[in-house]
Structures are given as structure tokens and as C-alpha cells.
Amino acid sequence: MGRLGSLAALAVLILSAACAGSAPAAPPGPALHLGVDLPLTGAEARGAVPALDGVRFFVQTHPTLDGFTVSLNTADDALGGVPNPNRGAANVRRFLDDPDLVAMIGPFDAAVARLEIPIANGAGLAMVSPATSNPCLTRNVFTPALLNPARTEIGCKAAGLPSAADLRPAHTNNFFRLTTTDDLQGAAAADYAFGKLHLLRVAVISDHEAYGQGLAYAFAARFTSVGGSIVGRFDLAPKNWDATTFLSSAKAAGAQAVYYGGDTRPGGCEIRAEMRPLFPAGEATPFLGGDGIAEDPACVAAAGANSSGIFASVPFVNADSRPGAASTIHDFKQTFGSTMAYGPYTLLAYDATAVLYAALDRAIHGAGGRLPSRADVTREVAQTSGLAGATGPLGFDAAGDTTNRTVSIFEAVGANPRARWKLVDSVDYSARLPY
């Protein structure tokens, strides 16, 4: 049994003895704080609150670490119902004011991360995100050449985004994530469309935003490289979301499906409803997209009677599909007593906490049992490799990206917006990237 397992067992024994009245409770050890910054209110709370519950569950079951008592400093980065970068930045500054806070979990959103990373970087504070997938948070290339139909590399600045180098004033990396990048979402959807849905001709639409266009580039490039054809490409106008004219031309060109790069905002999943008069309904004409529409009740509602046959990628391992995660999921649900407490990001956040505990364990021993510096913790997080997690082996490459590069594919199951989507496949690029 490793140090963490031994500590967990010891904590159980201490609690059992105290309950039996055989010994007084041990005094708490010195404080060790972990920050958690997530959008806990508003639209993204349905994913972020279960993620916070995953962090809480790990800390509840591992309340001490090498003699330190672990507690959470939790912050909400949402304002007015949406993630707010300025509020996230203020939360990180507040974390830095806490001398016992040595690392943080979060954020959930790329726009928030872009303001938080430079602040944390200057202070050497490690950030482990369970959710963000924008490529430019960890590298200077938005779309690799082989995932661009033009076969030229698209840099972050060309995509209108700061590069990873721009976000790191200290010229070292402090940001790590357990989700893979958006370009792999597009590639995975293409592999699934060609290999499993047996599609040969697909029309592609994007939403005029960097996120959606990046998905569309990667899908189109990968789909053609594996043998498919793109029979039309359309970018929704910022104030005119009607795609019916394009869909008519795509139908005439022989499109068997539509790939949409974008999110559920108006104009997104309405495309699926607009397809119904032109294409065979449901699974006969698939509608594919990324995590901007995945498991979103608003997408199913917008698609209306044509909601079946919607497929969407998410850039992480689906823990429910892993036999090794079953006992952790069972124990979590027993502890929290509500299915609403468990969500797609719960065990990713649980694993993010495990990563920090393992790094802290090494850093504390390296500091002779004292509270380690933030920079020492960051260096140890960067060394994470092959750590057994609920979602699989945990580790990071030199840029801070997960080495478990799995993309899950989900399908909407019908017209009920609240119904859970069904996992239909996963595409694993851990051993070999598609570019």
C-alpha cells in the first residue's frame, strides 16, 4: 500500500477509535489548503458543482496528508450566470494571499484560464484543470498542419488567441489539464463518422468563433485523410444563423451527414431542426458536433422532433465505462446520496485532486516534512506519469497536456432534453496522434 493508501487507512482507524470512545480525537495537524475555482452558479453549474463534489469526496476520504490537515478554499468564477474571467482572476489573487494554499484545481473555461494562468504563473502556483480543452492554453499552435484542410499550421495568434508562451511570464509551465485538446475532438468525430457510421460525404458548418472553426478544420482534414469527402463548408454569420440555403445545396451534393463546429447558442442545434425537411430524419442522417453541444438539454430542445441521431464528442475519458472506476463511483454516490451530485466531470476532478496529493506527498518529503513551496509543488506535478486514477493512467507531457488522450463519443437518445446521452464509442490517441 502506498503512502496515500496508508494515510487513508490510518484516518479510518483514528475515526473508528474516536467513535468507540477508546481514545480522544487527535489534534488537527498544520493546515494545507487547496484552491478550487469553478463556475458554481449559472449555466455551467450543472457540470461544475458535480466536479466540486468530486474534489470534496477525495479530500473527505483523504483528510490528512503527511501530517497536514487538508482543506479547500472554494471560489465561484461565474458572474451573472456565466463564467467571468475577471472574477476568476480575482479568485486566484485571493488564493495567493493565503500562505497555506499551495496549489489549485480549475478553472473550467478557456476564457477564464487565459486571465488566471499568467497570475498563477508569476507566483509558481500549480493549476490542474478537469475541463479546459482549448489548444492555445498549452501550446502556440491552434491547428496542426495535418488537421487543417489547407495543410498549413494555424498559429494561436492567427486564430485570434494568445499563445501558451504569452500566458507564462515566468517562462515555466504551471498549468496542467486532464482533458485533451479540441483539435483531437474534431479528429475523433471524423474517425467515428468514417469508421463506425460508414459515412463518405459530410457537409461542415461552423459558428464563426475560434472554438467552432477549430473543430471544423480538424474534422474536415481528418475526414478527408481517412478517405471521406467534404461536400460543402459554411460559416454561420454572426447575426444570421439560418443555414437552410446551405443545407439545400449540401443535400444536392450528396451529403450523408452534417458536422457542426460550435456550441448550443442560437443557430447551433437549430441546424438539426432545419435539416428535417431536407434529409431523412434521425440516425439516417447523423448530426455531429463537439462538447459545445454534448449532453446539453438546450441542444436537444432546439433540435425538436429531429433530436435522435445527434452525436457529440467530449475530450475526456468517460469514467462510467471503466470497470476500475466502479467502486469509486459507488462509494461517491453512497456518500453524497444524490444522483445529481455525480456528473461527467466528477471523477476527472477527483483525479485532479489525486494528482495534487501525489505531487504534494513528494514535495513535503522533499521539504523535510514542512509545507512545500508552490514552485516545488508545481515541479512535482509536472513529473506526474503513470499515476493510477479512476479515469485511467494520469500523466502530463512537457506542455502540461494529459497523456491519456481519449475522446468519448455520445449520442442523444431522444426528444427528452433531460435524458442522459448514451456513450457509443471512444477514440484513444494516447499512443499515436492523428497528425
So ring-ring contact (aromatic ring centres under 6.0 Å, His included) across residues 95-116, not counting sequence neighbours, yields Phe108-Tyr345
How are the rings of Phe234 and Phe246 set to each other: parallel, tilted or perpendicular (split at 30° and 60°)? parallel
Please report the closest heavy-atom contact between Ile105 and Pro130, naming both atoms and the distance. CG2-CD, 4.3 Å
Spell out, as yes or no, whether a donor-acceptor pair under 3.5 Å connects the side chain of Ser133 to the backbone of Asp182. no
Thr384 side, atom OG1; Asp397 side, atom CG - distance, nearest 0.5 Å: 12.0 Å
At what distance, to the nearest 0.5 angstrom, does CZ of Phe316 lie from OG of Ser426? 12.0 Å
Under 3.5 Å side-chain donor-acceptor pair for Asp291 and Tyr211: yes
Applying side-chain contact (heavy atoms from CB on, under 4.5 Å) to Phe410 and Asp425, what does each step give before you reach the verdict? CA-CA 7 Å; Phe410 288 86; Asp425 200 17; over 6 Å; no
Sort out for me which residue in Val36, Leu38, Leu34 forms a side chain to side chain contact (heavy atoms under 4.5 Å, CB included) with Val55. Val36
Sorted by chain and residue number, the salt bridge (Lys or Arg N to Asp or Glu O under 4.0 Å) partners of Asp235 (sequence neighbours excluded) come out as none
Tell me, do Leu360 and Val377 make a side-chain contact under 4.5 Å, heavy atoms counted? yes
Does the side chain of Phe219 come within less than 4.5 Å of Ile230's, by heavy atoms? yes
Kindly write out the residues that satisfy ring pair (Phe, Tyr, Trp, His ring centres under 6.0 Å) with Tyr260, not counting sequence neighbours, or none if the list is empty. none
So Ser129 and Phe175, side-chain contact (heavy atoms from CB on, under 4.5 Å) or not? Walk me through it. CA-CA 8 Å; Ser129 172; Phe175 177 78; 4.0 Å; yes
Shortest non-hydrogen contact between Pro344 and Glu295, atoms and distance: CG-OE1, 3.6 Å
Is there side-chain contact between Ile119 and Arg93, with at least one heavy-atom pair below 4.5 Å? yes
In terms of heavy-atom contacts, does CZ of Arg420 have more than 12 from other residues, nucleotides or ligands at under 6.0 Å? no
Between Asn140 and Ala164 (side chain of the first, backbone of the second, donor and acceptor by atom type, cut-off under 3.5 Å), is there such a pair? yes
Partners passing side chain to side chain donor-acceptor pair (under 3.5 Å) against Arg46 (at least two apart in sequence or in another chain): none
Quick one: CD1 on Ile117 to CG on Leu137, what's the gap to the nearest 0.5 Å? 5.0 Å
Filter on disulfide (SG to SG under 2.5 Å), then keep only pairs touching residues 82-111, sequence neighbours left out; what's left? none
Are Asp53 and Arg56 ion-paired here, with the side-chain N under 4.0 Å from a carboxylate O? yes
Quick one: are the ring centres of Phe194 and His198 less than 6.0 Å apart? no
With Leu146, which residues qualify under side-chain contact (heavy atoms from CB on, under 4.5 Å), at least two apart? Arg151, Tyr435
Would you give the length of the straight line joining atom OH of Tyr259 to atom OG of Ser206, rounded to the nearest 0.5 angstrom? 10.0 Å
Disulfide (SG to SG under 2.5 Å): which pairs involve residues 314-367, sequence neighbours left out? none
Evaluate side chain to side chain donor-acceptor pair (under 3.5 Å) for Asn73 paired with His33, printing each intermediate quantity in order. CA-CA 7 Å; Asn73 185 337; His33 298 164; 5.6 Å; no
Asp296 side chain reached by Asp263 side chain, heavy atoms, under 4.5 Å: no
Heavy-atom nearest pair, Asn121 first then Ala170, reads OD1-N, 2.8 Å
Any side-chain heavy atom of Arg405 sitting closer than 4.5 Å to one from Thr180? yes
Backbone N/O of Asp76 and side chain of Asn91: donor-acceptor pair under 3.5 Å: yes
Here the pair of heavy atoms bringing Ala216 nearest to Val204 is CB-CG1, 3.7 Å
Is there a side chain to side chain donor-acceptor pair (under 3.5 Å) between Arg168 and Asn173 once you walk through the steps? CA-CA 7 Å; Arg168 290 158 175 77; Asn173 182 52; 2.9 Å; yes
Salt bridge between Arg177 and Asp401, side-chain N to carboxylate O under 4.0 Å? yes
Which pairs count as side chain to side chain donor-acceptor pair (under 3.5 Å) when at least one residue sits in residues 315-336, sequence neighbours excluded? Asp320-Tyr342
Under a 4.0 Å N-O cut-off, is there an ion pair linking Asp37 with Arg87? no
Would you confirm whether Asp351, through its side chain, and Thr391, through its main-chain N or O, come within 3.5 Å as a donor-acceptor pair? yes
To the nearest 0.5 Å, how far apart are CG in Asn404 and CG in Leu387? 12.0 Å
Does any pair with a residue in residues 221-230 pass side chain to side chain donor-acceptor pair (under 3.5 Å), and if so which ones, sequence neighbours excluded? Asp191-Arg222
Sequence neighbours left out, what passes salt bridge (Lys or Arg N to Asp or Glu O under 4.0 Å) with Glu209? Give chain and number order. Arg265
Trace of the side-chain contact (heavy atoms from CB on, under 4.5 Å) decision for Val231 with Val202: CA-CA 6 Å; Val231 298; Val202 177; over 6 Å; no
Test: disulfide (SG to SG under 2.5 Å). Region: residues 47-114. Which pairs qualify, not counting sequence neighbours? none
If you measure only the distance, is there a donor-acceptor pair under 3.5 Å linking the side chains of Asn174 and Arg374? no
State, to 0.1 Å, how close Leu215 and Gln185 come at their nearest heavy-atom pair, and which atoms those are. CD2-CB, 3.7 Å
Return each pair, listed once, that meets disulfide (SG to SG under 2.5 Å) where at least one residue sits in residues 154-224; pairs must be two or more places apart or across chains. Cys136-Cys156
With side chain to side chain donor-acceptor pair (under 3.5 Å) as the test, would you mind laying out the steps for Asn148 and Thr143 before giving the verdict? CA-CA 6 Å; Asn148 178 13; Thr143 303; over 6 Å; no
When you compare the side chain of Ile409 with that of Lys196, does any pair of heavy atoms fall below 4.5 Å? no
Could you check whether Phe311 and Phe287 have their ring centres less than 6.0 Å apart? no
Starting at CE of Met104, measure out to OG1 of Thr74 and round the result to the nearest 0.5 Å. 11.0 Å
Closest heavy-atom pair, Pro50 versus Ala45, reported as atoms and distance to 0.1 Å, is CD-O, 3.6 Å
side-chain contact (heavy atoms from CB on, under 4.5 Å) evaluation trace for Phe396 with Leu178: CA-CA 8 Å; Phe396 306 107; Leu178 294 181; 3.8 Å; yes
